[in-house]
Protein chains: 2
Amino acid sequence: MIRLLLADDEHLIRTALAQLLELEEDLTVVAQAASGDEVVAVARAESFDVAVLDLQMPGRDGISAATELLRLQPGCAVVIVTGHGRPGHLKRALSAGVRGFLPKTTSAATLASVVRSVHAGGRYVDPELSAEAIAAGDSPLTPREADVLELAADGAPVDEIARRASLSPGTVRNYLSSAVTKLDAANRHDAAATARRLGWI
Amino acid sequence: MIRLLLADDEHLIRTALAQLLELEEDLTVVAQAASGDEVVAVARAESFDVAVLDLQMPGRDGISAATELLRLQPGCAVVIVTGHGRPGHLKRALSAGVRGFLPKTTSAATLASVVRSVHAGGRYVDPELSAEAIAAGDSPLTPREADVLELAADGAPVDEIARRASLSPGTVRNYLSSAVTKLDAANRHDAAATARRLGWI
DNA sequence: CTCCCCACCTGACATCTGTCATGGGGTTCT
DNA sequence: AGAACCCCATGACAGATGTCAGGTGGGGAG
């Protein structure tokens, strides 16, 4: 019997998913969590064979929760499930030691079989998401450019970005300008949108 | 036996939810759809007692699908389920004739009981969402201001907005300026974010 | 009918942004 | 040591944006 931890902030989805996984003969959901922090708390108290985590959760996200969970329970296999697959997320997830990565558009049968396969030591990444990740490639942004672009993403003016990043306004503009050029964007917002879409910020 | 139509673009969620609803003695899911357009297509072929629709779906969204569905089947009760509840959405949904409105954070038991209650002719709106909607009040934006702000939301420059809205650039700037003032925002992006959060655009 | 709000426009101004040139200090690789 | 990066900065300029003042015309409320 494979013991599962299931985490998703949407109660309806989480219980429905639990129900569905319980239908499988060899799977049992022994704990649920509604946030990344709960995942960590539960992981301190109990042990699991496989954790199925939603990527987007309030507070600590799925990847961050996975990192902490794997520190506490190195033997636990982690599967990330996500609504919208961003290439950068996949990369971060894999480097965090996540063994499975699926969009929510996959079928229940696939989820169950992925749970079994990661429990057996295998890995599984949705083919479409991995293709996207390969196509997107690595971020061309330098760390500082990414920082600045992230601060610019919500439409803050240059002066505020400069204050928050402890930079001079001129430098901020230079970083923004080079980011816009590198991402082949029309303006900083376009650049931020692109970078976010590809998971680079 | 209450006959249900279930629509959600995420396959995993949809089947899990279907599974969960089927557990109820008096409910049966007779059709599923992965998009708003599918909802309409299915509604032409078959009839239902209650439709449970996700708000955000590719193409035609839940509310637009509900409008068309109610045109085809006036006797069908519609329940909208959503991940993030925006006050404006609730308002639009209710004026489209939707009878139930729930966040995905509610429990399965609540969903089932709401399905029964709307089928019996009742209405149900999640208390927290309706409180938010009341607190948010009505949009202070004129229709044109809302149009322009929507076009500005993705960071397009004024000239492009002007072209797309068939306005002069000066007018666009005036609308934007008044929207920013009305929404008490720092700049147009802040205004767009606020308006989007409240479901006004 | 008058008043007010809305849709649309123009023009002018200060400020903010995007871009370019240029430079110094640091690390890493050859 | 030199080349090739990255980080950080300044200054300058065109163009975009935010704000204000003002004008036309239409429709609904009083």
Side-chain angles (χ1 to χ4, degrees), chain A residues 88 91-92 95 136-201, chain B residues 88 91-92 95 136-201:
Chain A
K91 199 157 297 184
R92 276 199 300 138
S95 64
D138 275 326
S139 170
L141 303 175
T142 67
R144 285 311 252 166
E145 283 168 357
D147 287 351
V148 170
L149 191 56
E150 184 154 21
L151 289 170
D154 48 14
V158 167
D159 284 354
E160 191 183 326
I161 300 170
R163 254 184 296 109
R164 292 216 265 163
S166 302
L167 289 173
S168 84
T171 305
V172 168
R173 286 201 308 236
N174 284 341
Y175 282 161
L176 250 23
S177 182
S178 77
V180 166
T181 305
K182 283 178 178 176
L183 299 181
D184 198 24
N187 54 49
R188 62 159 93 179
H189 303 288
D190 191 6
T194 299
R196 190 151 278 179
R197 185 168 45 80
L198 297 174
W200 290 338
I201 62 172
Chain B
K91 198 157 298 184
R92 274 199 300 140
S95 63
D138 276 327
S139 170
L141 303 175
T142 67
R144 284 311 254 165
E145 283 168 357
D147 287 350
V148 170
L149 192 56
E150 182 154 21
L151 289 170
D154 49 13
V158 168
D159 284 354
E160 191 183 326
I161 300 170
R163 254 183 295 112
R164 292 216 264 163
S166 303
L167 290 173
S168 83
T171 305
V172 169
R173 281 189 290 167
N174 285 341
Y175 283 161
L176 250 22
S177 184
S178 77
V180 165
T181 306
K182 284 178 179 176
L183 299 181
D184 196 26
N187 54 49
R188 62 158 95 173
H189 303 287
D190 192 4
T194 299
R196 190 151 278 179
R197 186 167 45 78
L198 298 174
W200 290 340
I201 61 172

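The chains referred to below are lettered A, B, ... by the order of the sequence lines, with proteins before strands, and numbering in each begins at 1.
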Interatomic distance, CD1@A:I201 vs CG@A:L141, rounded to 0.5 Å, equals 8.5 Å
Within this structure, what is the OH-to-C1' distance between A:Y175 and D:dC6, rounded to whole angstrom? 7 Å
What are the residues of residues 185-201 of chain B, sorted by number, that bring a heavy atom to within less than 4.0 Å of DNA chain C? none
Which protein N or O atoms sit under 3.5 Å from an N or O of nucleotides 21-23 of chain C?
none

May I have the distance from B:R173 (atom CZ) to D:dT19 (atom C1'), rounded to whole angstrom? 9 Å
Here the residues of residues 141-163 of chain A within 4.0 Å heavy-atom distance, strictly under, of DNA chain C are A:P157, A:V158
With distance as the sole test, does B:T181 use its side chain to make a donor-acceptor pair with the main-chain N or O of B:S177 at under 3.5 Å? yes
Starting at atom CG of B:L176, determine the distance to atom P of C:dA7, rounded to an integer number of angstrom. 14 Å
Contact nearer the 5' end of DNA chain D, comparing A:P169 with A:K182: A:K182
Using distance only, find each side-chain donor-acceptor pair of residues 144-152 of chain A under 3.5 Å and give its atom names and separation, not counting sequence neighbours.
from	atom 1	to	atom 2	distance (Å)
A:R144	NH1	A:D147	OD2	3.2
A:R144	NH2	A:A165	O	3.4
A:E145	OE1	A:T142	N	3.0
A:E145	OE1	A:K182	NZ	2.8
A:E145	OE2	A:S178	OG	2.6
A:E145	OE2	A:K182	NZ	3.2

Exercise: identify the closest heavy-atom pair between B:L183 and B:P140: CD2-CG, 4.0 Å
Please report, to 0.1 Å, the donor-acceptor pairs under 3.5 Å made by any side chain of residues 184-198 of chain B, with sequence neighbours excluded.
from	atom 1	to	atom 2	distance (Å)
B:N187	OD1	B:H189	N	3.0
B:N187	OD1	B:D190	N	2.9
B:N187	ND2	A:G155	O	2.9
B:R188	NH1	B:A156	O	3.1
B:H189	NE2	A:H189	NE2	2.8
B:D190	OD2	B:A186	N	3.0
B:T194	OG1	B:D190	O	3.0

Between B:S177 and D:dG18, is there a contact of a side-chain N or O with OP1 or OP2 at under 4.0 Å? no
Between the first and last five pairs of the helix from C:dC1-D:dG30 to C:dT30-D:dA1, the angle of the axes, rounded to 10 degrees: 30°
Can you measure from CD1 (B:I161) to OG (B:S166) and round to the nearest 0.5 angstrom? 13.0 Å
Between C:dT10, D:dG18, D:dA9, spot the one nearest the side chain of B:S168, thanks. C:dT10
